[in-house]
Amino acid sequence: MSGQGSGGNVIAALCNVFIPGLGQLVQGRILAALLFFVICVAGYATWWLIVPGIIAAIAHLWAIIDAAKFRSGF
């Protein structure tokens, strides 16, 4: 991918809207994808405790922004 704002980053950000971490996976960042996915799923699964749900929502938003702003090191 070219850099911040490229078409690939927009697609990755849109992927994250539906499944947290999928955009990072599309970009080839497996560890980041796993971390975002696990944090969001665990937080959303325990939403009734309120705090984990808030943390999951913040992590979900962070995943979207992270995918949109990613710059390849190449």
Side-chain angles (χ1 to χ4, degrees):
M1 299 199 207
S2 300
Q4 182 177 351
S6 71
N9 286 357
V10 172
I11 292 170
L14 287 174
C15 289
N16 271 335
V17 169
F18 299 106
I19 300 174
L22 184 59
Q24 282 77 12
L25 191 62
V26 167
Q27 292 172 333
R29 301 185 297 149
I30 297 171
L31 183 60
L34 285 173
L35 287 174
F36 280 124
F37 182 76
V38 168
I39 290 169
C40 289
V41 168
Y44 288 147
T46 58
W47 62 270
W48 68 87
L49 296 174
I50 298 174
V51 173
I54 293 170
I55 292 171
I58 291 169
H60 196 160
L61 183 60
W62 183 14
I64 295 167
I65 294 169
D66 179 62
K69 292 190 166 204
F70 177 69
R71 290 185 187 216
S72 179
F74 298 107

**Prompt:** Applying salt bridge (charged side-chain N to carboxylate O under 4.0 Å, His left out), which residue pairs with at least one partner in residues 58-68 are found, sequence neighbours left out?
**Reply:** Arg29-Asp66
If you measure from [atom1] on [X] to [atom2] on [Y], what distance do you get to the nearest 0.5 Å?
X	Y	atom1	atom2	value
Leu35	Trp62	CG	CH2	9.0 Å
Gln24	Phe70	CD	CZ	9.0 Å
Leu14	Leu22	CG	CG	10.5 Å
Phe36	Asn16	CZ	CG	7.5 Å

**Message:** Under 4.5 Å between side-chain heavy atoms, counting indirect links through other Ile/Leu/Val/Met/Phe/Trp/Tyr residues: same cluster for Leu61 and Ile58 or not?
**Reply:**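 No, Leu61 does not connect to Ile58 through the hydrophobic network.
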**Fill in**
With sequence neighbours left out, the residues meeting ring pair (Phe, Tyr, Trp, His ring centres under 6.0 Å) with Trp47 are none
**Request:** Taking the side chain as every heavy atom from C-beta outward, state whether Gln27 and Asn9 have any atom pair closer than 4.5 Å.
**Result:**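 A side-chain contact exists here, since the closest heavy-atom pair is under 4.5 Å.
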**Message:** Taking Ile39's backbone N and O only, do any of them form a donor-acceptor pair with His60's side chain (distance below 3.5 Å, no angle check)?
**Reply:** no
**Request:** Check the surroundings of atom CD1 in Ile30: do more than 12 heavy atoms from other residues, nucleotides or ligands lie under 6.0 Å from it?
**Result:**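 No.
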**Asked** Considering all heavy atoms of both residues, which atom of Ala56 and which atom of Gly43 are nearest to each other, and what is their separation?
**Response**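 Looking at all heavy atoms of both residues, the shortest contact is CB-CA, 3.6 Å.
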